[in-house]
There are 2 protein chains.
Amino acid sequence: MKRPTMKDVARAAGVSPMTVSRVVAGEAGVAPETAARVGQAVRKLGYQRNDNARSLRQKNLGTSTIGLVVDDLANPFYALMARSVEDEAHRRGHVVLVGSTNDEPQREREVIAAFTARQVDGLIIVPTIGSHAFLKRQMAGGTQVVCVDRPARGLAVDTVTVDNRAAAMRAVTHLLGHGHTRIAYLGDRFDIWTQAERYAGYLDALAAHGIPEDPALVRHELRSHPQARDALAVLRTLPEPPTALFTSNDLITLGVLDGLDHPAPLALVGFDDLPLGERLTPPLTVVSQDPVALGGTAANLLFSRIAGDRSAPRSVVLLTRFVVRGSGEFRTAAG
Amino acid sequence: MKRPTMKDVARAAGVSPMTVSRVVAGEAGVAPETAARVGQAVRKLGYQRNDNARSLRQKNLGTSTIGLVVDDLANPFYALMARSVEDEAHRRGHVVLVGSTNDEPQREREVIAAFTARQVDGLIIVPTIGSHAFLKRQMAGGTQVVCVDRPARGLAVDTVTVDNRAAAMRAVTHLLGHGHTRIAYLGDRFDIWTQAERYAGYLDALAAHGIPEDPALVRHELRSHPQARDALAVLRTLPEPPTALFTSNDLITLGVLDGLDHPAPLALVGFDDLPLGERLTPPLTVVSQDPVALGGTAANLLFSRIAGDRSAPRSVVLLTRFVVRGSGEFRTAAG
DNA sequence: TTGAAAGCGCTAACAA
DNA sequence: TTGTTAGCGCTTTCAA
């Protein structure tokens, strides 16, 4: 039982395939009765146009398909972003191919290759580390590209990020303002752009207060909940342990929460909000990003490129919110 | 600057397009030096095969694209499911089109139509209410369909769900076992299958204990966090207010948490776990589903159908876990 | 207003 | 081992 083609519909309606094409595409210039006859045949046979064949012929219209490449779709942050992109695409009659990279350049290239092989009109990418110069060829072929969350190395395209460095500086300054001088930094892979930015913000804040960096208080490469938890346990065994923590993403914040209150509570400010963060005791003080705005902005940029905008690449920086709720307002014993 | 085609590569390598096709497809029977020449031309031109054109010609191979249609991709539950489906697809060299329905049959049909127009090999669907008989035509045309989370009305296909009714009964029985007799039910739209099942489980538990249902304690149609919060506020004004709550999904649990401890704490068991549920005070007692297993199972079923399995539709019921953590173990004043 | 011919990029089937 | 021909389902172009 094969699916019917335009030829089948044409035969059933006693017209040529070309006429069916016009009716299905909603073009003017078909006699009303002819259109009605075709419409009936379409319904009778359950005909649906093959849009892949269509876009093969119509090179100017594209495939009405875009690709979204994120770090990890299961991360609520990227899930919200994806939903936002999907909504923008849906509004414009596009569909979305989605793929996760796990921050692995290898998998990113596979995913992007699979998407471009299907002739996507554009890509929204959360770039992994590693050069993205290979995308220049795709772009020369007409594929539009927008980066979100992080810039891509070696590729000048529209990019949407947040004010990572300034926000991190503000968060750490907040802790300094509450009397803390021994503030630990717990971060993910340093080669991830957002992490490097946030670490730089941490250093900015210390420097502004004339506090030298203590390498013993800095932990990078924390890739999981347990690793973050264990890193905190180690920090607590130091001769001069930290009295406050700055955690540079949601996963690390989650891990750190396990050991936060025992034996003694530590002050904590995290980057990224958590769903129930306000209901914890104490409620979490965080730097909050808006993934919906990130995704929506990226999608809007992409669609204006797809619509033909060829102006110079733009860089959009969205602002974070600093949300004071309690966990960052513990004073030190000394303070 | 158009993207190169096989013809361009053929010209550059001094062979016919057919030879290029064979080399790119990795077929045997091409002389090594010829293959090398073609390979060089491919790299020089940055050639990438147009897989849409390919699958137009090769009807037996399909498009290596599947569609995933969920309620709301931004919901962490479905995001985890989506990631799980994506991983299974990636392993098999497929890509995933993803769309959200918002539980609107209209949007669901649009999304599904957009996917089938692009000749997806199969669909994994979280069905909205409303008949899905319209999918029979797609299936006759060769599109495989698997349902997940809920069954589709009017369509006999592989379906993966959890033991909603039994799990809800167990949860409510747990509250009864702690002395509660006035247990409120707070649920989402009753026409959503999972909600009806969970409500049935609630009634089962009451009936098993010989407790008559009190309609004043039952609230359906709670579609958002604020609605759930307000519903609880109303319940607290009853002459005989509930001493315990059963909330039938994560969104409702979140809303109810706002008013749970004031003025007096109520016992609470929720359906669906929340990311930080174990760190609340008191920690949440919940029925926990495994979205990764749901998605993975659905994907496996779908890919075996795509591979040619034509056996009778299967119905797979995965088990939930009941996680006792504190919020459901308050005793009543009376108990 | 309708249709015939050609071709998008690729590959099945055949021939050389 | 390589190439030729035809055609997947559709639309552009042109003619009727």
Side-chain angles (χ1 to χ4, degrees), chain A residues 2-39 41-42 45-65 116-121 141-143, chain B residues 2-39 41-42 45-65 116-121 141-143:
Chain A
K2 263 184 44 198
R3 74 181 77 216
T5 71
M6 271 190 180
K7 220 151 73 174
D8 300 321
V9 177
R11 198 175 309 122
V15 296
S16 79
M18 199 50 235
T19 300
V20 178
S21 173
R22 290 194 249 260
V23 173
V24 172
E27 279 178 28
V30 179
E33 321 119 36
T34 314
R37 260 203 348 274
V38 171
V42 164
L45 298 180
Y47 171 74
Q48 188 183 22
R49 185 175 56 199
N50 180 333
D51 279 354
N52 285 352
R54 174 179 163 85
S55 61
L56 179 62
R57 192 65 176 84
Q58 295 210 48
K59 311 276 11 177
N60 47 340
L61 274 198
T63 55
S64 295
T65 304
T116 54
R118 287 168 180 76
Q119 314 299 112
V120 293
D121 297 336
T143 310
Chain B
K2 265 185 42 197
R3 74 182 75 217
T5 70
M6 271 190 178
K7 221 150 73 175
D8 300 321
V9 177
R11 198 175 309 121
V15 296
S16 80
M18 198 53 232
T19 300
V20 178
S21 172
R22 290 194 250 258
V23 172
V24 172
E27 279 177 30
V30 178
E33 320 119 37
T34 314
R37 255 195 1 268
V38 170
V42 163
L45 298 181
Y47 171 74
Q48 188 183 23
R49 185 174 57 198
N50 180 333
D51 278 354
N52 285 352
R54 174 177 162 87
S55 60
L56 180 62
R57 191 63 176 86
Q58 297 209 45
K59 311 276 9 178
N60 47 339
L61 274 199
T63 54
S64 296
T65 304
T116 53
R118 287 168 179 76
Q119 314 298 113
V120 292
D121 296 337
T143 310

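When reading the values below, keep in mind they use all heavy atoms of this one structure, side chains included, and skip hydrogens, waters and symmetry mates. First the proteins, then the strands, lettered A, B, ... as listed; each starts at 1.
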Peer 1: Can you name the closest pair of heavy atoms from A/Asp8 and A/Thr5 and give their distance?
Peer 2: OD2-N, 2.8 Å
Peer 1: Would you tabulate the pairs of protein nitrogen or oxygen atoms and nucleotide nitrogen or oxygen atoms of nucleotides 2-4 of chain C closer than 3.5 angstrom?
Peer 2:
{"unit_1": "C/dT2", "atom_1": "OP1", "unit_2": "A/Thr34", "atom_2": "OG1", "d": "2.3"}
{"unit_1": "C/dT2", "atom_1": "OP2", "unit_2": "A/Ala31", "atom_2": "N", "d": "2.7"}
{"unit_1": "C/dG3", "atom_1": "OP2", "unit_2": "A/Ser16", "atom_2": "N", "d": "2.9"}
{"unit_1": "C/dG3", "atom_1": "OP2", "unit_2": "A/Ser16", "atom_2": "OG", "d": "3.1"}
{"unit_1": "C/dG3", "atom_1": "OP2", "unit_2": "A/Thr19", "atom_2": "OG1", "d": "2.5"}
{"unit_1": "C/dG3", "atom_1": "N7", "unit_2": "A/Arg22", "atom_2": "NH2", "d": "2.6"}
{"unit_1": "C/dG3", "atom_1": "O6", "unit_2": "A/Arg22", "atom_2": "NH2", "d": "3.2"}

Peer 1: Quick one: closest heavy-atom pair of B/Leu45 and B/Pro4, and the distance?
Peer 2: O-CG, 3.5 Å
Peer 1: Rounded off to whole Å, could you give me the CG-to-C1' distance for the B/Asp8 and C/dC10 pair?
Peer 2: 13 Å
Peer 1: B/Leu61 versus B/Arg54: any side-chain heavy-atom pair under 4.5 Å?
Peer 2: yes
Peer 1: How far apart are the closest heavy atoms of B/Ala10 and B/Ser16, and which atoms are they?
Peer 2: CB-C, 3.7 Å
Peer 1: Between B/Arg118 and A/Thr63, is any side-chain donor less than 3.5 angstrom from a side-chain acceptor?
Peer 2: no
Peer 1: Which residues pass the side-chain contact (heavy atoms from CB on, under 4.5 Å) test with B/Arg57, not counting sequence neighbours?
Peer 2: none
Peer 1: Looking at A/Arg37 and A/Ala13, would you say the former's side chain and the latter's main chain have a donor-acceptor pair under 3.5 Å?
Peer 2: yes
Peer 1: Listed in order of residue number, which residues of residues 48-62 of chain A have a non-hydrogen atom at under 4.0 Å from DNA chain D?
Peer 2: A/Arg49, A/Asn50, A/Ala53, A/Arg54, A/Leu56, A/Arg57, A/Gln58
Peer 1: Write down the distance between CZ (A/Arg118) and P (C/dG9), rounded to a whole number of angstrom.
Peer 2: 18 Å
Peer 1: Please round to 10 degrees the angle between the axis of the first five pairs and the axis of the last five pairs in the helix from C/dT1-D/dA16 to C/dA16-D/dT1.
Peer 2: 40°
Peer 1: For chain B and DNA chain D, what are the first and last nucleotides along the strand, 5' to 3', with at least one atom under 4.0 angstrom from a heavy atom of the protein chain?
Peer 2: D/dT1 to D/dG9
Peer 1: Output yes when a side-chain donor or acceptor of A/Ser21 lies under 3.5 Å from a complementary backbone atom of A/Pro17, and no otherwise.
Peer 2: no
Peer 1: Starting at CG of A/Asp121, measure out to OG1 of A/Thr143 and round the result to the nearest 0.5 Å.
Peer 2: 8.0 Å
Peer 1: Consider only side-chain N and O atoms of B/Gln48 and A/Thr116, and report whether a donor and an acceptor are under 3.5 Å apart.
Peer 2: yes
Peer 1: So A/Val38 and A/Arg22, side chain to side chain contact (heavy atoms under 4.5 Å, CB included) or not? Walk me through it.
Peer 2: CA-CA 10 Å; A/Val38 171; A/Arg22 290 194 249 260; over 6 Å; no
Peer 1: Just jot down the side-chain contact (heavy atoms from CB on, under 4.5 Å) partners of A/Leu56, sequence neighbours excluded, or say none.
Peer 2: B/Asn50, B/Ala53, B/Leu56
